[in-house]
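Encoded as structure tokens, the structure appears first; notes follow it.
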Amino acid sequence: MAGQGGSSAEARSGGGRGVVISDNWPGYSLDLFTYPQHYYGDLEYVLIPHGIIVDRTERLAKDIMQDIGDNDIVVLCVLKGGYKFCADLVEHIKNLSRNSERFISMKVDFVRLKSYHNDQSMQDMQIMGGDDLSKLTGKNVLIVEDIVGTGRTMKVLLNNIEKYKPKMIKVASLLVKRTSRPDGYRPDYYGFEIPDLFVVGYALDYNEHFRDLNHICVINDHGKAKYRV
């Protein structure tokens with residue numbers, strides 16, 4: 001992604017590092033894309049088009065395959081926002097595995113975290129669902145998340161999983177958000193580093209809305225007011 005007069009996004013090279021979208025990136029006009037009519041007037045602009053998400057996810061699958069191929073993996077998908085990214089990532093890994101001498105056997109499980117009310121991060125986080133986490137003892141675990149902000153939520157989940165002494169834990173996140181209060185945590189693999197914006201689409205929601213939006217977009221004030229609970 002490059003804006004006129006210079007690049008507004010930088011692709012960092014190397015294992016699993018993300019495409020960096022700068023704070024002054026203007027995004028794409030909504031008029032350039034198709035999206036559900038029931039969201040007309042609720043969005044500011046397209047931050048990441050669906051096609052770029054798909055290509056970047058395929059590259060992350062390649063990085064993961066190179067790093068942890070030949071292992072049996074328990075994929076722990078963080079619901080609900082992570083399900084689309086997880087499904088696409090797992091499918092890409094499977095396709096690579098079929099055409100490679102290195103084979104990854106994957107079992108997918110799900111866990112749900114609750115840390116937002118409207119667009120505000122809550123102090124307390126709830127962990128719900130998933131099989132008995134004690135079954136992760138001695139296993140290779142790949143956590144798949146939609147977005148990492150301060151990193152606090154992911155650290156809580158990691159601390160809970162580490163109690164059961166898995167053999168390995170890796171984290172893949174579609175997005176990493178630059179926040180004013182980061183704690184230095186970075187996932188092992190991530191697709192895009194984005195400004196501190198509240199984004200929706202590609203299964204990321206605002207109070208359960210916008211999950212049916214293919215692109216990742218910035219919600220506007222009208223959309224927040226319309227779907228506030």
Side-chain angles (χ1 to χ4, degrees), residues 1-12 17-57 60 78-86 88-89 113-122 144-154 172-182 185-187 190-229:
M1 300 173 208
Q4 294 180 359
S7 173
S8 289
E10 171 193 359
R12 292 177 178 170
R17 294 177 183 169
V19 175
V20 179
I21 300 176
S22 67
D23 290 341
N24 63 355
W25 169 242
Y28 299 93
S29 169
L30 292 161
D31 294 336
L32 298 173
F33 301 93
T34 58
Y35 63 101
Q37 291 188 18
H38 49 271
Y39 296 137
Y40 283 13
D42 300 331
L43 301 168
E44 200 73 44
Y45 55 86
V46 175
L47 184 68
I48 310 173
H50 180 252
I52 297 176
I53 299 169
V54 172
D55 283 0
R56 182 70 187 124
T57 302
L60 289 178
V78 179
L79 296 174
K80 295 180 181 179
Y83 79 83
K84 178 65 173 168
F85 174 52
C86 183
D88 290 348
L89 182 66
L113 311 178
K114 181 69 173 176
S115 59
Y116 274 89
H117 179 72
N118 291 319
D119 59 342
Q120 300 299 313
S121 180
M122 298 186 298
V144 180
E145 171 70 291
D146 56 351
I147 186 167
V148 171
T150 63
R152 183 182 62 85
T153 299
M154 183 54 64
S173 180
L174 176 62
L175 304 175
V176 169
K177 184 185 292 188
R178 289 190 300 276
T179 69
S180 59
R181 294 180 296 171
Y185 173 78
R186 286 277 164 151
Y190 58 97
F192 304 88
E193 179 187 296
I194 66 171
D196 191 5
L197 301 166
F198 198 91
V199 292
V200 294
Y202 195 69
L204 284 82
D205 76 303
Y206 178 76
N207 294 327
E208 300 300 327
H209 297 278
F210 300 100
R211 294 196 193 277
D212 55 339
L213 179 65
N214 283 334
H215 315 294
I216 292 178
C217 300
V218 176
I219 187 173
N220 62 22
D221 290 339
H222 177 270
K224 289 180 182 179
K226 180 177 177 181
Y227 298 111
R228 191 178 301 276
V229 294

Does the side chain of [X] reach to within under 4.5 Å of the side chain of [Y], using non-hydrogen atoms?
X	Y	value
L174	F192	yes
L43	L213	yes
K80	E208	yes

Is [X] reaching over with its side chain to a backbone N or O of [Y], donor-acceptor style, under 3.5 angstrom?
X	Y	value
R56	Y190	yes
K177	L197	yes
H215	T34	yes

Shortest non-hydrogen contact from [X] toward [Y]:
X	Y	answer
V229	N207	N-ND2, 3.6 Å
C217	L30	SG-CD2, 4.5 Å
G201	I216	O-CG1, 4.1 Å
H50	N214	CD2-O, 3.5 Å
Y28	I52	OH-CD1, 4.1 Å
F85	A172	CE2-O, 3.9 Å

Separation of [Y] [atom2] from [X] [atom1] (nearest 0.5 Å):
X	Y	atom1	atom2	answer
K224	I219	NZ	CD1	7.0 Å
S22	R178	OG	CZ	7.0 Å
R152	T179	CZ	OG1	11.0 Å
F33	Y45	CZ	OH	13.0 Å
E145	L175	CD	CG	9.5 Å
I147	F198	CD1	CZ	8.0 Å

Quick check: are there more than 12 heavy atoms from other residues, nucleotides or ligands sitting under 6.0 Å from CG of D221?
no
If we ignore angles and hydrogens, is there a donor and acceptor under 3.5 Å between the side chains of Y202 and D146?
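D146 and Y202 do not have a side-chain donor-acceptor pair below 3.5 Å.
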Taking atom types as modelled and ignoring hydrogens, do the side chains of D212 and H38 form a donor-acceptor contact shorter than 3.5 angstrom?
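Indeed, the side chains of D212 and H38 share at least one donor-acceptor pair under 3.5 Å.
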Whether Y39 and Y227 hold their rings parallel, tilted or perpendicular, with breakpoints at 30° and 60°
perpendicular
Given the rule in the side-chain contact (heavy atoms from CB on, under 4.5 Å) test, do I21 and L47 qualify, once you have shown the distances and angles that lead to the verdict?
CA-CA 9 Å; I21 300 176; L47 184 68; 4.2 Å; yes
Are D42 and K226 ion-paired here, with the side-chain N under 4.0 Å from a carboxylate O?
yes
